[in-house]
Amino acid sequence: MKVFDRIKNLFNSQNRKKRSAQSVIPFRLNLLLWIVGILLLALTARLFYLQVLNGSSYKAEVKRSDTSIQTNNVQRGMIYDSQGRVMVGNQTHQAITYTKGSNVTATELYKIANRLGRYVTVTNKNARLTDRNEEDYYLADKGRLNSVLKHVKTSSNDSEDAKYNKALDYLNSHPDAWSLTSQQKNNARIYAAMSGAYSLSTTYIKETGVTSGELAAVGEHLNEMPGVKIGTSWTRNYPQGKDVQSLTGTVSTTGLPSDQANSLLSQGYSRNDSVGQSYLEKEYQATLAGSKSQTEVTTNGNDVTKEVTKYPGKKGDNLVLNINSKFQSRVQEILKNNYSAAGNAYSTGVYAVVMNPHTGAVLAMAGIDRDPTTGKETPDQIGAINHPITMGSVVKGATIMGALMDGVITPSNNTLVDQPIKVAGTSSKGSWFNHGGSANMSLDAPTALEVSSNSYMMQLAMKEGGMKYSPNAQITLKPSIFAKERGYFNMFGLGVKTGIDLPGETAGYNGPSDQKHIGSALDLAYGNYDGYTTIQLAQYMSTIANGGYRMRPYVVQSIRGTKKNGQLGKVEYTTQPQVQATIPASKADFDLVRHGLYLVTHGTSPYVTAKSLGTVKPSISGKTGTAETFYKKHPTATISFAGYAPSNDPQVVVALAIPGSTNENGGANINMAKQIFEAYWKMVQSPKGFTDGE
Amino acid sequence: MQRSQSDEESRIDWGIIFCVLLLALIGLASIYVAAVHDRQQTSVARQVITQLVWYAIGTILIVVIMQFDSEQLWKLAPIVYWLSIFLMFAILVFYSRSYYASTGAKSWFAIGPVTLQPSEIMKPAYILMMGRVITTHNNRYSVRTVQSDWHLIGTMFLWLLPILISLHFQNDFGTALVFFAIFCGMVLVSGVTWRIIAPAAIALAVVGGSALAMVTSSVGRRILEHVGFQAYQFDRVDTWLHPEQDTTNQGYQLWQSIKAVGSGGITGTGFNNSKVYVPVRESDMIFSVIGENFGFIGGVLLILIYLLLIYLMIRVTFDTKNEFYAYISTGVIMMILFHVFENIGMNIGLLPLTGIPLPFISAGGSSLIGNLIGIGMVMSMRYHHHSYMFSNKKEFR
């Protein structure tokens, strides 16, 4: 061991004369100790910075982030009719819910999902299972993930996410290499619902159809499945019939509708919230949704240590509609019963609106959408605001009002000769009774309405355009005539959005308005060019009926809270009638037109158009319309009607339209109107106390 | 040969035992806190007891290692080294698939419930071997030249090379850094001339500093991307510099750790009073538990215990005046120092995150065994040094 002794003794200080390794060791070791000291001092300095200088701000940060607000769903507001009947209610279900903790790992989710899957069956009806859901579930098992990863090329540089994506790709491209049993698919649905949830928000695992057996089994094992609870869910029900859905709209059942998700998320909704998807449910979403309960949750790691209810939540407020649900159903029925009499083989639908002319309150809105290729009819109340239709002569009241305001006729001077209108280069256009010119006659404004003279209206348009008519004369109208005519129509609501409190309203459509189409300016005057909605027709007739006030139509009468017993509670908001415009026309002007509308039903001319309405009490004033249309080269017609009653004290306006009729002279429009007025006086308002006549 | 009771006692370095025992207690307490607050598959008691069992195994190893004198250690060095190298390459084939899946590193054997990380055993083995290599070298070249020093450095690096290769394939960069730190520390103490060390240190500082400047500036990054770096490789740097902006994986972990430590304040929140969740705080992020529960005072106390431990180890080296021992203790000191500095540093956002445990404290058997073997080697020095003093046979001249 000579070497060894030497090695040991090399360290001896007596050997330092030699400038050898061991002589530097003490110094280098001291240096090392200094390095140690400096490094540890750096740690201490950093600790000092974090804990002593900034400790309080980190404490505040921790306090802020460790108490979180957990929200829970509340019942959605209901929709009542004007009589307090529930039109759209809520059905309560026992549901299985899951509230995700703040730091739950995928492995834990997988375990809870598998455990819950033993007790609960979630079918495709509850939650649709996508391929991705199945793959995620399959790979949630570490063993399966690893065996899939064996089949794919991964490099050590791949992040866990990249590897996971490769595994997903593999499963996608090898569908035969793996499969889930039906039990696993069940668990996969649960797993998908759980992993889709946000931390500290409650999501439904199974919303409806939870059996008592499932409730008992889950209840017994709640403590094995942290976050799983038995809660309540609600679905919409329709005690007055499901037909109203096409007016009230629907509520999304599996979270936010994907097309609106981003905007709703920015408004503070959670991804799994149910929201109104259409119509009233959508328009009044904020009101109906209520406010979620808020529970302050203090967490420690995964454990919830304290729960304090900060806000108990508030059920959504209820909507009370102007609509009387019984009357609404009756109107819908009337449309249905009389529809085929209109000759509806090529028809695309039938729509009706009943409105209070003094307030704009919509008392009924009915509609049927029809697919002319299959003949299938579906309720489509909302079609009254979003289907533009070429309405025909029904608009002539507005044409005459326009001419009066324009000054081309006056209440005392308004007589013109009904004659076929023939301008150079076009075929002759005439009134329905006088295409050939054999029935030329003098008409004043009321009688022009009575017999529904197209010629009279065309002559008004030419006058407004500054053109003096003589047969075969060159048409000298300028395109500005379109704007002028439309301007007057717009005053009454024809061709502009009415502002009704429902989403998706259309303004109608305008035909081309250039010089090339200048002849159409004449068609426009008698309603055979532009398209209007049924609600516009109702607004127009209301404006005539009430003497010049364009009232905004509205469906929701008031918003009310809920009493403790579940009944309608305090009125939170009442919709005030809103005058959108006042027509700058004299009483004499209105009286002239109203007289004409009275003559339409009560006139004595052989050409009177709605004679059968003349016998109805209280008396009806109104106007029919027929517009020539085509459906795949088949000649069809829109038949329409707009009118009010009683004639001398209008209380109710009815507007309806049947596009695509093949029986334009069958009187389906008049029969429908008659029955609707009768139903109104029977079901909504008593006809007593009104004097009859003009 | 008769030894009195007091002789026996003075041959045992009670100071080191005291420090390690203190660290063990802090470790067990911290693991308990982490286990209580994080829902795990294994129970709290089981996690704490597992760690306790590893301490017991480590203690037995210390006692065994203390039986070897320097001569025997000298002979053992190559055997242990090559055995460890064998394990380091066997792991590349027989690594635990499930650990690989969860950590991305092929560093663990799994035999039933017991896992073993050969690189932790490799550390003391490399230290021992380097002690022998340097001593042999210095004995051969009694007159140092720059050339001989380069020769020494080259030799040391050659012994390091297979380890680095294995670590590369294990995908364990953090451990490679530990070996590099050990290598540097041993080069320093081996007596290599300043004419090499000083330029190397400066070069390292310049390269490190400019690399840091490059990755932290957008201009630098563009240059790096131009020479083939990928944008995602900067993620780790971003996470380190702005943990609060990255709420995903590592950034979340780091930010949670910083919040936990910061919220501990001066005095801490008190034992077992953890409010901030830090992922894997039972092992790599264990300092966040100590920082949160015991505050600045507790953190500084812990650092002082490490400082005391390192000081005591250096004192042993001075006391024993044995070159071979000096290199071994330097290696052990560097191993512990680097672990402490990197681990605490990453917990408090001073250094980027790497998978390096806190010596004697973090849960995990392999690392504990590796460090306790190191302690065992240092303790054997004093134990046998005294035997030379009192046996006439091996006295100083």
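Labels below follow one simple rule: chain letters A, B, ... track the order of the sequence lines, proteins then strands, and each chain is numbered from 1.
For the options A/Leu43, A/Val52, A/Leu32, A/Leu145, heavy-atom pairs under 4.5 Å to chain B are most numerous at A/Leu43. Taking B/Gly299, B/Gly291, B/Gly295 one by one and counting their heavy-atom pairs under 4.5 Å with chain A, the maximum is reached by B/Gly295. Each of B/Ile314, B/Leu351, B/Thr269 has some count of heavy-atom pairs under 4.5 Å with chain A, and the biggest count is that of B/Ile314. For the set B/Leu337, B/Ile266, B/Thr330, B/Ile333, the entry with the most heavy-atom pairs within less than 4.5 Å of chain A is B/Leu337. Between chain A and the residues B/Val192, B/Leu304, B/Ile134, B/Val300, the largest count of heavy-atom pairs under 4.5 Å involves B/Val192.
Heavy atoms closer than 4.5 Å to chain A are found in the side chain of B/Ile197, but not in its backbone. Contact annotation for A/Phe27: only side-chain heavy atoms (C-beta onward) come within less than 4.5 Å of a heavy atom of chain B. With a 4.5 angstrom heavy-atom cutoff, B/Tyr311 touches chain A via backbone and side-chain atoms both. Residue B/Val278: no heavy atom, backbone or side chain, is found under 4.5 Å from chain A. Proximity to chain B (any heavy atom under 4.5 Å) is restricted, for A/Ile35, to the side chain, taken from C-beta onward. For a residue to count as touching a neighbouring chain, one of its non-hydrogen atoms must lie under 4.5 Å from one of that chain's; by this rule A/Leu31 touches chain B with the side chain only.
Using modelled atom types, one finds no donor on one side chain facing an acceptor on the other under 3.5 Å when comparing B/Lys75 with B/Gln72. Side-chain contact check for B/Asn293 and B/Ser274: at least one donor-acceptor pair (N or O, by modelled atom type) lies under 3.5 Å. Defined by atom type and a distance below 3.5 Å, a donor-acceptor pair is missing between the side-chain atoms of B/Tyr95 and B/Asn171. For the residue pair A/Tyr137 and A/Asn114, a side-chain donor N or O sits within less than 3.5 Å of a side-chain acceptor on the partner.
Between A/His221 and A/Tyr119, the angle of the ring planes stays under 30°, which puts this pair in the parallel group of the 30/60° scheme.
The side-chain heavy atoms of B/Ile182 and B/Phe338, taken from C-beta on, include no pair separated by under 4.5 Å.
In this structure, B/Arg144 forms no cation-pi arrangement with B/Trp194, as its terminal cationic atom is not both closer than 6.0 Å to the ring centre and no more than 45° off the ring axis.
Scanning both residues, A/Tyr98 and A/Pro226, for their nearest heavy atoms gives CE1-O, 3.4 Å.
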